[in-house]
2 protein chains.
Amino acid sequence: MQASLLRIRINHAGNTALGPGKIELLQHIAQQGSISAAAKQMRMSYRRAWELVDVMNRCFDQAVVVSTAGGSHGGGAQVTEFGQALIDAYQQILQKSAQAAADELHLITRHLKKD
Amino acid sequence: MQASLLRIRINHAGNTALGPGKIELLQHIAQQGSISAAAKQMRMSYRRAWELVDVMNRCFDQAVVVSTAGGSHGGGAQVTEFGQALIDAYQQILQKSAQAAADELHLITRHLKKD
DNA sequence: CATCGTAATGTATATATGGGTATAACGATG
DNA sequence: CATCGTTATACCCATATATACATTACGATG
């Protein structure tokens, strides 16, 4: 199976507010409770992961990820309820879109060369 | 109104087989009958426009754009019937997706900071 | 109060991307 | 058969993007 044929992004002021990469990152953060662990799991630099989180936190009217520095295990990061709602909504958009446009999608993909 | 909130791409072997940029380029080529004229209209370098066309032609099992070099006006390029079908299908996908996922989209975009 | 692992930020470097320019090939037309 | 505008391609360079590495801040815990 190929990795997600359909890619959907939501734009905001010319930039991507939400796309497959940010969603995947959020899921890993939610699972790991840490930005650095999520980054490592995705083999992405911590720097980049943090920047993606920062962009999200700044382009929405409420936090998507909250983090604490320091503490027994150095701190950590949690996906907020709102962030989880974003993840869910994004998945729904993906699923509903793929379903609603299944015919046209098939029309296109059936002509993609197999690699 | 903001420029297309929802951006959809169709992936092929890790790369983008079809996205908003390629579709817009195809439309300009269809209208102009020339890659270079389309590129100029989009203020894109001819080199890049040609590469986008090349990628499309190589990742589908039939040509999206056919071109002729030489001739009275130097030649030109035409979008094939298949290419036009791709454009139409893409537009349908955009429209149907936005419609099918309107609720979830609204849930997300209502929390985007106004810029 | 030293330790630990993470957040947060800075800086330098490598890589990818796209633009600019030049040049050759092409072929209908006058 | 010279001209013309376009396709097609190569080469170099500027810029953007992402990585790598380094450093500081943080604060619960032993």
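Only this structure's heavy atoms are used, side chains among them; waters, hydrogens and symmetry mates stay out. Just so you know, these numbers come straight off a predicted model, no measurement behind them. First the proteins, then the strands, lettered A, B, ... as listed; each starts at 1.
- Taking atom CD of E51(B) as the reference point, atom P of dT7(D) lies 15 Å away to the nearest angstrom.
- The distance between atom NE2 of H73(A) and atom P of dT3(C), rounded to the nearest whole Å, is 18 Å.
- Counting heavy atoms of neighbouring residues, nucleotides and ligands inside a 6.0 Å radius, atom CD of Q62(B) exceeds 12 of them.
- The two residues A39(A) and A49(A) come nearest to each other via the heavy atoms CB-CB, 3.7 Å.
- Here the side chains of Q32(A) and K40(A) are not in contact, with every heavy-atom distance at 4.5 Å or above.
- Closest-nucleotide positions on DNA chain D for M44(A) and S72(B) were compared, and the one nearer the 5' end corresponds to S72(B).
- OP1 or OP2 of dA8(C) lies within a sub-4.0 Å distance of a side-chain N or O belonging to S67(A).
- Distance, Q78(B) CD to dT7(D) C1': 12 Å, rounded to whole Å.
- Checking dT7(D), dA7(C), dT19(D) against every side-chain atom of S34(A), the shortest atom distance belongs to dA7(C).
- In terms of position along DNA chain C, the nucleotide closest to G70(A) lies nearer the 5' end than the nucleotide closest to the other residue of the pair D54(A) and G70(A).
- Here the closest heavy-atom approach between residue V65(B) and residue A77(B) is recorded as CG1-CB, 3.9 Å.
- K40(A) has its NZ atom 15 Å from the P atom of dT19(D), to the nearest Å.
- The side chain of R48(B) sits closest to dG19(C) out of dT29(D), dG19(C), dT7(D).
- Of the candidates dG18(C), dT19(D), dA8(C), dA8(C) carries the atom nearest the W50(A) side chain, counting heavy atoms from C-beta on.
- When heavy atoms are screened at a 4.0 angstrom cut-off, R47(B) is found touching base atoms of the nucleic acid.
- Each of dA8(C), dT29(C), dA8(D) was ranked by its minimum atom distance to the side chain of Y46(B); first place goes to dA8(D).
- Rounded to an integer number of Å, the gap from R43(B) CZ to dG20(C) C1' is 17 Å.
- Look at CG on N15(B): it is 13 Å from C1' on dA16(C), rounded to the nearest Å.
- Closest to the side chain of I35(B), out of dT19(D), dA7(C), dT7(D), is dT7(D).
- In this structure, H111(B) contributes its side chain and H106(B) its backbone to no donor-acceptor pair below 3.5 Å.
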